[in-house]
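Presented below is the structure to which this report refers.
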Amino acid sequence: MDVFFDILAYIVNNFVFGLTVIIFTTYLILGIVSAMALRTYLRKNSFIDYNNIILAPLTPSISIIAPAFNEEKSIVDNIRALLALYYNNFEVTVVNDGSTDNTFKTVIEAFDMERVNYFFDYRIPCERIRGVYKSRNRSFKKLTFIDKVNGGKADALNAGINISKNQLICSIDVDSIMEPDALLKLVKPFMEETHKKVIGTGGVIRIANSCQIENGQIKKIHLPEKFLPRAQVLEYTRAFLMARMAWGKLNGLLLISGALGMFDKETVIKCGGYSTSTVGEDMELVVRMRRYMAEQKKKYQIIYIPDPLVWTEVPSTYKVLGRQRNRWTRGTMETLFRHKVLFMNPKYGIFGMLGYTYWLIFEWMAPIVEFLGLIYFILLLIFGHPNLYFFLLLFVFVYTFAVALSTWALLFEEMTFHKYEKRREVLKLFLMALIEPIFYHPLSVYWAIRGNIDYMRGVRTWGNMEREGFKNHKGSK
Amino acid sequence: MKILICEDDTMTLKALEHKLKKEGYDIITSQDGKSACDIISTQKDIDLLLTDLHMPKLSGLELINFVRGELKSNMPIIMLTRVGLEETVLHAFELGADDYVTKPFNPDELALRIKRLLIKNKQ
Amino acid sequence: MNKNAVHQRLILFCFIFVIYFCFPSTIFAELPSSNHEASIRETTYEKKILWGERFYSLNLNSLALKEFEKAHKINPGAYFPQFRIVQLKSRLHQSSNYIGSVELDFNKPGVLISALIFVILFSFVSMVLALFFVLFNRDRTSKLEKKTQFLKEEYQTMLINYLFSKEINQELVQSFKMVTASTLNRKILINQMIDLSITLTGEEKHRLKLLYIDLKLDKDSCKKARGRKWHVKAKGFRELAFMNIHIADDEIIRCLSSRNDILRMEAQFAMIRLNPDNSFTFLDVLEKKFTLWEQLNVYETITFHQIELPDFEHLLYSKNNSIVLFALRMIKVFKLNKAFNSMLDLLSHHDPEVRNLTIQVMGNLNMVESLPYMKKIYKSETYENCFAIIQSIASMRDESMLNFLKLVLDKEDDVQLQIEAAIAINKIVDKGTDTLNQLLNSDYKNYKIIVKHVLDKRIN
């Protein structure tokens, strides 16, 4: 038994050591690249007058597509906010994905809509359309409302793409709140493309819990009060400012968040639109689009914009958050396995070799490795004689590194967009950084493992994502 | 004579205010369309409105619409606009504006136009 | 090398890498040399010692102990195995009692421990530094902001007072000179002067420029323009352009072909502002793609600063496709119908995108003379261009095209094209709408649904 554990210990040693080196250097490199990219972006931004875009007649046309399922509480305000976005050449398409509440009726009444004789072309296959509606009121000329049989978010997006007449499509969660100038920032990379075609752009997602919202716009920004959303603030800040910025710069980004993304419509259609057979349709589309362009041997880019462009409500209960993370894990696995040809394949450039590998190791395998590490430790406690000093050292190492990462993320946030004004809020975030590795992180590992198990069991559904509705909601009548 | 200047850019606003005060007018300023609406509704002795077309909250066009439509006022309205926006200018004329000046503007020319409009309006 | 082969090799490499990770010693294992009958026992003994030593140095104490005990059995007289056995037993004893020096305590390679401790210290220190920075940066930046805002307003008032006064106010000039003494203040003053130059024209603007030169701020801008960092240069170009000062024109021209896109655009903008007579000659020689963003900014510059329009027509013959597209857009926006003949040539351009835009612009500008040509090329065009042709015909509303459109509606299978053709027919007043109404009763090729869609005024 001793011998067995000696060898096992030896393997685990080297594995841990090697993995440590890899993780540490990867995060360090990502952090440095992100910092440089952020600095360049901020400098460039100081020369840009976004008003130029709104006034000029040369700008690309955009179709905003907002799938809606059971959103009766806030949909009217959010649609109004979408219609008031700061851009001159766009349309808004809201797709009612077979809601079971009063979403349909609410929209029809609020915007005085009537059914039109629309000839719906099912270019990308989707569920049956029950009707296309336009408003009698000319102020709402930009709005189109589609009512269809339920088919899921991807299906609803495809329906919206089918009726789009514009160059670019912008997919958005209807309950998310966009910054007024988000379209300007998202569209600019498309206009700057040189020999590499820009096929998609995405930005940063901020957490809107506990923020003051009026008429579908953020009035005042507050740090979330509850524990779970606050922990997610840290998570999102780390992911968006440190990891994705670097991957954007290296052109290896695998994911543009479903909450807000802008794509070149023709490319999306050529790829077949969103996939309805996966729960991670946003990631799967980006990966598939990249594959398509690489296989067509066309040079392309996907640009990431570090500006906060959209605010969304994140789950604040364990149940709902757990379902969300479960779904994310399954989505990641579905996409990674469906496109396993990308692994280490030079045909797909940096994206295939580095980007895919990063997601495989850090997004999928990392929770599994942590979990197995924990099991190993427990086994050792029971059967062997573990060296407790070593494990204590290991624990301290993991903890300080995690807290340091979070603090660096706060630093990045401070140097760039510092949305949280009060110093007290920054301190609260730091306290959260101290607690997170102990109380929050194990939860996310647990949910990821559940996601893995559910995937193996063949679970393919979304689960019920209940909405709390935004706090301090001062809606219009 | 009282003039309401509605302009969101502080530099432009200051320049306008200074020049017109020198010409002897009483000046009230506002930096967005919404507060301009409130001012016009409450203060009945404004003689001329000078407004930018692109502003936050309520655009210049909506302001002109409000003055001519809801308040049914005949006060002279001059627009400040950037070059190249003929359609917006036409729309503003349709809504009832009297004259327009392009940015960058010549302060003397502006003063002359205001004087002319005020004289015409008195008659 | 074939990419597939490379791919396979990379995967194999990964596999080997993972294995190596777990068993580095396997790489260094020596293969057993050929055996002689006589020295089998000896080589076995040596093997045991060899493996024992390996395990010993790697701290695999139980394994090492076993090897040395076996070696001891083979060769009981040898001193070395016994020595090692004693050491190993002592090690095992110590580690199982959790007593001992720091290195032995962990029972792991020293390198690993050092690495972990290093990372812990590094993390802790950087975390504390970052935290302090974040907390106290707020104060610093908000103080700076308040000060900047205050100075900004003060300078605005000073500048306006100076410019609008009848005589030159020497006092004010003196105060300005004092302002320029400090770097931060000078920066704010320059920015305010630039803002003011956008707002005003006429005599006041001229005075502003004289003041700028008087305060020697032009030298400042020149230094920036000739600086090394791109964002400094770009700022310099901008200042010189707004103030209409010609001292760094050569540098601007040099940067027209810079690889940095912002620098390039600022140089273009400065060029256009400073040399309105031949400001667009750079377009004649530009080889890089003239991006839509740059085009937009040039357009903005032209309209905002009321630059005289250059001759866009000769740009239609450029070898650079993006320039041709730009010229077409400008022709559309400024309604330069006289360029019709040159545009006609473009209908047979090799780039489908160019042809597409040409067709669109012809429609926008109502160039009805182009209709017969469009009819001719329709059959051989790409899908997107066919679409564009029908849309152009729609905006020109010419009755003579009615039959052609009916043909398209009839022959095309693609629904989108049919809808566009029907929309075009509908735009031809009276006759067109009548034709469509006739088709309402037909069940052929979805005509009913298409016509209903097109006749519905609420859609588009």
Side-chain angles (χ1 to χ4, degrees), chain A residues 2-3 6-7 10-11 13-15 17-18 20-21 24 43-44 46-47 52-53 55-60 114 116-119 121 134 136 188 190-195 343-347 353 385 387-390 393-394 396-397 400-401 403-404 407-408 410-411 414-415 423 426-427 430, chain C residues 3 6-7 10-11 14 21-24 58 60-63 66 95-96 98 105-109 112-113 115-117 119-120 123-124 126-127 130-131 133-135 137-138 231 234 261-262 266 288-289 291-293 295-297 299-300 329 333 415-416 419 446 449-450 452-453 456 458-459:
Chain A
D2 263 353
V3 179
D6 262 348
I7 298 189
Y10 184 70
I11 298 176
N13 252 4
N14 282 323
F15 198 61
F17 182 52
T20 307
V21 171
F24 184 60
R43 270 205 188 133
K44 284 198 175 178
S46 65
F47 283 98
N52 282 350
I53 312 188
L55 296 171
L58 305 178
T59 52
E114 58 182 354
V116 294
N117 296 312
Y118 203 94
F119 185 160
D121 182 15
K134 295 281 264 178
R136 294 188 187 92
K188 182 164 161 288
F190 285 96
M191 296 179 69
E192 286 175 315
E193 68 182 16
T194 50
H195 54 287
F343 180 58
M344 282 292 165
N345 197 334
K347 187 169 158 192
M353 296 200 281
H385 34 82
N387 193 315
L388 285 182
Y389 283 111
F390 176 67
L393 187 68
L394 206 59
V396 171
F397 159 74
T400 37
F401 189 60
V403 177
T407 322
W408 294 342
L410 286 183
L411 180 69
E414 180 65 22
M415 305 291 285
R423 202 191 300 202
V426 175
L427 267 175
F430 179 68
Chain C
K3 279 207 169 153
V6 174
H7 185 201
L10 277 172
I11 295 192
C14 279
F21 239 26
C22 301
F23 298 96
L58 291 169
L60 292 172
N61 302 311
S62 322
L63 286 169
K66 287 211 170 52
S95 68
S96 69
Y98 314 125
D105 236 13
F106 296 101
N107 215 19
K108 302 281 182 271
L112 175 62
I113 304 300
L116 289 180
I117 295 184
V119 173
I120 291 177
S123 305
F124 186 73
S126 66
M127 170 182 88
L131 186 67
F133 183 83
V134 167
L135 289 178
N137 189 45
R138 290 291 167 83
H231 59 282
D261 49 341
I262 301 263
E266 290 293 332
K288 289 195 177 34
K289 180 168 169 182
T291 67
L292 191 55
W293 178 250
Q295 294 177 26
L296 191 152
N297 276 293
Y299 168 73
E300 277 298 304
R329 291 190 180 107
V333 163
V415 165
Q416 297 297 327
I419 293 181
N446 288 329
I449 318 177
I450 294 180
K452 266 192 169 168
H453 174 121
D456 193 329
R458 298 160 296 183
I459 305 172

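Throughout, protein chains are lettered first and strands after them, A, B, ... in sequence-line order, and every chain is numbered starting at 1.
With respect to chain A, the highest number of heavy-atom pairs below 4.5 Å among C:Ala130, C:Ala234, C:Ser123 belongs to C:Ser123. Contact count against chain A (heavy-atom pairs under 4.5 Å) is highest for C:Lys289 among C:Lys289, C:Gln295, C:Lys288. Contact count against chain C (heavy-atom pairs under 4.5 Å) is highest for A:Val116 among A:Leu411, A:Val116, A:Thr400.
Remark: C:Lys452 NZ is loosely packed, at most 12 non-hydrogen atoms of other residues, nucleotides or ligands lying under 6.0 Å away.
When heavy atoms are compared at a cutoff of 4.5 Å, C:Leu135 approaches chain A by way of both its backbone and its side chain. Proximity to chain A (any heavy atom under 4.5 Å) is restricted, for C:Val415, to the side chain, taken from C-beta onward. With a 4.5 angstrom heavy-atom cutoff, A:Tyr118 touches chain C via backbone and side-chain atoms both.
Taking both residues in full, the closest heavy atoms of A:Glu192 and C:Thr291 are given as O-CG2, 3.5 Å, listed atom of the first, atom of the second, then distance. In terms of heavy-atom proximity, C:Asp261 sits nearest to A:Lys44 at OD1-NZ, 3.0 Å.
Here A:Arg43 pairs with nothing under the salt bridge (Lys or Arg N to Asp or Glu O under 4.0 Å) rule; sequence neighbours left out.
With A:Asn117 contributing its side chain and C:Asp456 its backbone, the two residues share no donor-acceptor pair below 3.5 Å.
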